[in-house]
Structure formats: C-alpha cells, structure tokens
Amino acid sequence: MLLAIDTSAGTSVAVVDRDGGVLAERSQSDTMRHAEVIGELIDAVLRESGVAVEALSGVVAGMGPGPFTGLRVGIAAAKAFAFGAHKPLVPVVSHDAVAFERYGAGHEGGLLVVTDARRRELYWSAYVGIDEAGLPIREDGPGLSKPDALPHPALARFDAHQVSAGALGMLAELLYANGRPFAADEPLYLRSPDVTLSNGPKRVSA
C-alpha cells in the first residue's frame, strides 16, 4: 500500500493498494492553498482508508512538472512523511499519471497532456500510447511552451486541471510490479524560481 501526494496543479492525496485499487482519495482544486490543506488531506485519507502508517510500503511524490511554490509543497510533504515513517520515497512524473488515467479510461493513440504553468505558459508531455504492461509511453517532454507554440499539434490534447493522486499511486504500483524505474528524485520546475540568490553585500561608498 502506498500514500500518494501531488501538488503540481491542485492538491491531491490518496492511499492505494495494488490489488484493492484506490482506497481513499481527497483533492483540493485551489492552487493557492497547498500548504494549508496538505496535512488535513493526508490525515483524511489515512482515516478513511483505515490504513495504519506502519502498513504503508512507501510514499509516492508527484515530481511535476509544476510551478515552483506549489510543487515543492507536495514534494516536501512526501519526503517529510517518508522520513518520519521510515518508508521509501517513490518519485513519479505527474504528467505520466494523467496519461495513465486517460488511457485507462479508454483513450487510444497519441496524447498531449497539458497543465497550467502560470505566467501565460503551459507544461506539456507527449505520449504515443501504452506498452504491453499498460504503462504510458512518453515520446517527448515534459516541456514548457507558450500557448501558441505547443509542439505535437497532431496529437489529441488533454488539459488537466488537477493530477489524481490515486492515478499517481496506481501508476507507481504498476511500475514496481513490472520492474520499471521510477522518476529521478528531482522536481520538474522547468524554469528558475522568481527569487534568485544574492551576489553578496553591496559596497557602500562614503
């Protein structure tokens, strides 16, 4: 069983089981309240699923792509929970979970997953279908583009306003079951944060 957390768009938390599916999932669409709701959602899904922390096998973190402030809240929460519970962290690309859910719902062929990157830009990932295990095949991305410069115009486009932690967790289960690698433990911001480090104190002349 896994606790899954994603804050690349809204905030979504779930407890999943490889055989039982999604046992509990809670989401909040407000993209400005990640830090305020993340703790409440984690507590809610654990209580609703009836799963003790000790029974979890790991903690899944959606690694984005996502805006800097929101994405780091979920990753930090996942890492802190995993550390405190002595469980492994399982990084997964958030767009892969969206594609996994879409293909599971019956989509066939190419797919362009798109999410809001703010600043009048979009995150995107291109998929060509699923493999023999039912895992989405990402052909390109994740990337960052202006709306009028999105690549792969021939692909069916899906704009995701939220990433399901339930789908994220079940994708992690399927990756593990088939011996596939997880994502790198690196947030996919795809651009530098607004705040930059200082070059040091300025000299003051008399």
Taking [X] for the side chain and [Y] for the main chain, is one N or O donor matched with an acceptor at less than 3.5 Å?
X: Glu48; Y: Leu23; answer: no
X: Lys87; Y: Ala55; answer: no
X: Glu25; Y: Gly166; answer: yes
X: Thr7; Y: Gly70; answer: yes
X: Asn178; Y: Arg180; answer: no
X: Ser8; Y: Gly64; answer: no
X: Tyr189; Y: Thr69; answer: no

Between [X] and [Y], what is the shortest heavy-atom contact and its length?
X: Ala99; Y: Leu111; answer: CA-CD2, 4.0 Å
X: Gly62; Y: Leu71; answer: O-CD1, 3.5 Å
X: Leu46; Y: Leu56; answer: CD2-CD1, 4.3 Å
X: Pro65; Y: Leu190; answer: CB-CD1, 3.8 Å
X: Ser12; Y: Ala165; answer: OG-N, 2.9 Å
X: Leu155; Y: Ala126; answer: CD1-CB, 3.7 Å

For the residue pair [X] and [Y], establish whether any side-chain heavy-atom pair is separated by less than 4.5 Å.
X: Phe68; Y: Pro187; value: no
X: Leu188; Y: His95; value: no
X: Trp124; Y: His152; value: yes

Look at the side-chain heavy atoms of Ile, Leu, Val, Met, Phe, Trp and Tyr, link any pair under 4.5 Å apart, and say whether [X] and [Y] land in one connected group.
X: Val128; Y: Ile130; result: no
X: Phe81; Y: Phe83; result: no
X: Val163; Y: Leu122; result: no
X: Ile5; Y: Val37; result: yes

Practice item. With side-chain contact (heavy atoms from CB on, under 4.5 Å) as the test, would you mind laying out the steps for Glu36 and Gln28 before giving the verdict? Key: CA-CA 10 Å; Glu36 289 85 351; Gln28 166 62 254; over 6 Å; no

Exercise for review: In sequence, state the C-alpha distance, the side-chain angles, and the governing distance for Met1 and Asp17, and then conclude on side-chain contact (heavy atoms from CB on, under 4.5 Å).
Suggested key: CA-CA 4 Å; Met1 285 179 286; Asp17 177 73; 3.2 Å; yes

**Study point:** Val113 and Arg102: CA distance, side-chain angles, deciding distance, side-chain contact (heavy atoms from CB on, under 4.5 Å) verdict
**Key:** CA-CA 9 Å; Val113 172; Arg102 295 301 299 166; 5.6 Å; no

Check your understanding: What's the verdict on side-chain contact (heavy atoms from CB on, under 4.5 Å) for Val59 and Lys79, showing C-alpha distance, side-chain angles and the deciding distance?
Key -> CA-CA 8 Å; Val59 182; Lys79 288 186 173 183; over 6 Å; no

**Study point:** Nonpolar side-chain network containing Val60, other nodes, edges under 4.5 Å
**Key:** Leu2, Val16, Val22, Val90, Val92, Phe100, Leu135, Leu168, Met170, Leu171, Leu174, Leu175, Tyr176, Phe182

Revision key, fill the gap. d(Leu144 CG, Leu150 CG) to nearest 0.5 Å is 9.5 Å

**Study point:** For Tyr103, ring pair (Phe, Tyr, Trp, His ring centres under 6.0 Å) partners two or more places apart
**Key:** His107

Practice item. State whether Arg47 and Glu40 are salt-bridged, where the test is any N-O pair (Lys NZ or Arg NE/NH1/NH2 against Asp/Glu carboxylate O) under 4.0 Å. Key: no

